[in-house]
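Values below: all heavy atoms of this structure, side chains included; hydrogens, waters and symmetry mates excluded. Position 1 is the first residue of the sequence; numbering continues from there.
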Amino acid sequence: QAVSQTNTPAGSVAVEVGEYQLNQGDQSDKRGSIEIGADRKMRINLFEKANLSTFVHEAGHFYLEVLGDLAQAETSSAEVKDDYAKILKFLGVDNRSQITTAHHEKFARANEAYLMEGKAPAPELRGVFQRIRAWMKLIYRQLKNLDVELSNEVRGVFDRIYATDA
């Protein structure tokens with residue numbers, strides 16, 4: 001996995017061979033991070049300055065990694081491979097090895113934007129999605145503050161991440 005060491009408005013990354021960490025916030029204002037080990041074990045950390053969006057943001061990094069792992073598995077379904085191809089297209093890359101920190105941050109913001117829309121992929125999730133939307137609105141006020149635009153294709157992938165029958 002090629003993740004370059006760069007700083008972005010939404011976070012920074014510290015990279016070691018086979019392992020890396022993505023952070024929400026700069027070093028002085030760090031709210032959360034996800035550690036991704038060479039063994040593919042992942043840990044989301046929430047720090048003192050975490051807000052309501054921090055876990056949602058870090059979960060976005062987790063989902064991107066897990067979806068990539070699932071798509072590369074020998075037993076992967078055509079639907080999972082197709083979903084991952086849609087995400088790669090959304091990120092503007094041809095394959096997983098081209099994903100940088102900036103791409104990871106875009107996907108994490110896309111996860112936040114998807115949840116902020118509040119459109120549940122299944123009827124039984126409506127209440128939860130409405131509450132998450134209200135929380136996210138408290139933080140961002142407007143969807144455009146996330147600086148990411150979702151296509152219907154990408155929304156469909158998120159629908160399947162959150163509700164497998166969607």
K.L.:
With side-chain hydrogen bond (donor to acceptor under 3.5 Å, both in side chains) as the test, would you mind laying out the steps for Thr100 and His103 before giving the verdict?
P.N.:
CA-CA 5 Å; Thr100 65; His103 297 116; 2.9 Å; yes
K.L.:
Given side chains that start at C-beta, do those of Lys30 and Lys49 come closer than 4.5 Å, heavy atoms only?
P.N.:
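No, too far: nothing below the 4.5 Å cut-off.
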K.L.:
Taking atom types as modelled, find out whether Arg43 and Asn45 have a side-chain donor-acceptor pair closer than 3.5 angstrom.
P.N.:
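There is such a pair (donor and acceptor under 3.5 Å, judged by atom type) between the side chains of Arg43 and Asn45.
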K.L.:
Decide yes or no for Leu64 and Asn111: does some side-chain heavy atom of the first lie under 4.5 Å from some side-chain heavy atom of the second?
P.N.:
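They are not in side-chain contact.
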K.L.:
Just wondering, do Arg133 and Lys137 contact through their side chains at under 4.5 Å, heavy atoms?
P.N.:
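Of all side-chain heavy-atom pairs linking Arg133 with Lys137, at least one is under 4.5 Å.
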K.L.:
Test Val157 against Leu67 for side chain to side chain contact (heavy atoms under 4.5 Å, CB included), laying out the working first.
P.N.:
CA-CA 10 Å; Val157 173; Leu67 188 56; 4.0 Å; yes
K.L.:
Using the ring centroid of each side chain, check whether Tyr63 and Tyr162 are separated by less than 6.0 Å.
P.N.:
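Ring centres of Tyr162 and Tyr63 closer than 6.0 Å.
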K.L.:
Starting at CE of Met116, measure out to CH2 of Trp135 and round the result to the nearest 0.5 Å.
P.N.:
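Reported value, rounded in 0.5 Å steps: 14.5 Å.
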K.L.:
Do Glu58 and Met42 have side-chain heavy atoms sitting under 4.5 Å apart?
P.N.:
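No, their side chains stay 4.5 Å or more apart.
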K.L.:
Do side-chain atoms of Ser76 reach the backbone of Leu70 as a donor and acceptor pair under 3.5 angstrom?
P.N.:
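Yes; judged by distance alone, with no hydrogens or angles, the pair exists.
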K.L.:
Could you give the distance from CD (Gln130) to NZ (Lys119), rounded to the nearest 0.5 Å?
P.N.:
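It comes to 13.0 Å.
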K.L.:
Any side-chain heavy-atom pair from Asp69 and Arg40 closer than 4.5 angstrom?
P.N.:
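The answer is yes; the side chains approach within 4.5 Å.
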K.L.:
Could Lys106 and Glu149 be called an ion pair, given the rule that one side-chain N must be under 4.0 Å from one carboxylate O?
P.N.:
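Looking at Glu149 together with Lys106, the answer is no, because their closest N to O distance does not fall below 4.0 Å.
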K.L.:
Which distance, rounded to the nearest 0.5 Å, do you find between the CD1 of Ile139 and the CG of Leu52?
P.N.:
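These two atoms lie 4.5 Å from each other.
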K.L.:
Quick test of your reading of the model: are Arg31 and Glu48 salt-bridged, counting only N-O distances below 4.0 Å?
P.N.:
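Salt bridge: no.
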K.L.:
Is a donor on one side and an acceptor on the other found under 3.5 Å between the side chain of Gln98 and the backbone of Asp94?
P.N.:
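Here the side-chain-to-backbone pair exists.
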K.L.:
Is the distance between the ring centroids of Phe158 and Phe107 under 6.0 Å?
P.N.:
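That pair passes the under 6.0 Å test.
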K.L.:
Within this structure, what is the CZ-CZ distance for the pair Arg155 and Phe90, rounded to the nearest 0.5 Å?
P.N.:
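Nearest 0.5 Å value for the CZ-CZ distance: 10.0 Å.
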K.L.:
Return the minimal non-hydrogen interatomic distance between Leu150 and Ala110, and the atom names on each side.
P.N.:
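What the structure gives for the nearest pair is CD2-CB, 3.6 Å.
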K.L.:
Kindly compute the distance separating OG1 (Thr54) from CG (Leu46), expressed to the nearest 0.5 Å.
P.N.:
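Rounded to the nearest 0.5 Å, the OG1-CG separation comes out at 6.5 Å.
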K.L.:
What is the distance from atom CD1 of Ile44 to atom CZ of Phe62, rounded to the nearest 0.5 Å?
P.N.:
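Between Ile44 CD1 and Phe62 CZ, I get 7.0 Å after rounding to 0.5 Å.
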K.L.:
Using every non-hydrogen atom in the two residues, find where Ala113 and Val148 come nearest and quote the distance to one decimal.
P.N.:
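Residues Ala113 and Val148, closest heavy atoms: CB-CG1, 3.8 Å.
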K.L.:
So, Asp82 and Lys86, do they make that salt bridge, N to O below 4.0 Å?
P.N.:
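Result for this pair is yes, salt bridge flagged.
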K.L.:
Sub-3.5 Å donor-acceptor pair from the side chain of Arg160 to the main-chain atoms of Gly156, do we have one?
P.N.:
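Side chain of Arg160 to backbone of Gly156, a donor-acceptor pair under 3.5 Å: yes, one is there.
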K.L.:
Would you check, one step at a time, whether the test side chain to side chain contact (heavy atoms under 4.5 Å, CB included) holds for Glu65 with Arg96?
P.N.:
CA-CA 9 Å; Glu65 287 297 314; Arg96 190 177 196 180; 3.2 Å; yes
K.L.:
Between His57 and Glu105, does the side chain to side chain contact (heavy atoms under 4.5 Å, CB included) criterion hold? Intermediate values first, please.
P.N.:
CA-CA 8 Å; His57 180 91; Glu105 292 302 327; 2.9 Å; yes
K.L.:
Mind running side chain to side chain contact (heavy atoms under 4.5 Å, CB included) on Lys81 and Gln72 for me, showing each step along the way?
P.N.:
CA-CA 8 Å; Lys81 288 179 182 181; Gln72 289 181 334; over 6 Å; no
K.L.:
Could you check whether any side-chain heavy atom of Leu88 comes within less than 4.5 Å of a side-chain heavy atom of Ile99, counting everything from C-beta outward?
P.N.:
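Yes - at least one pair of side-chain heavy atoms lies under 4.5 Å apart.
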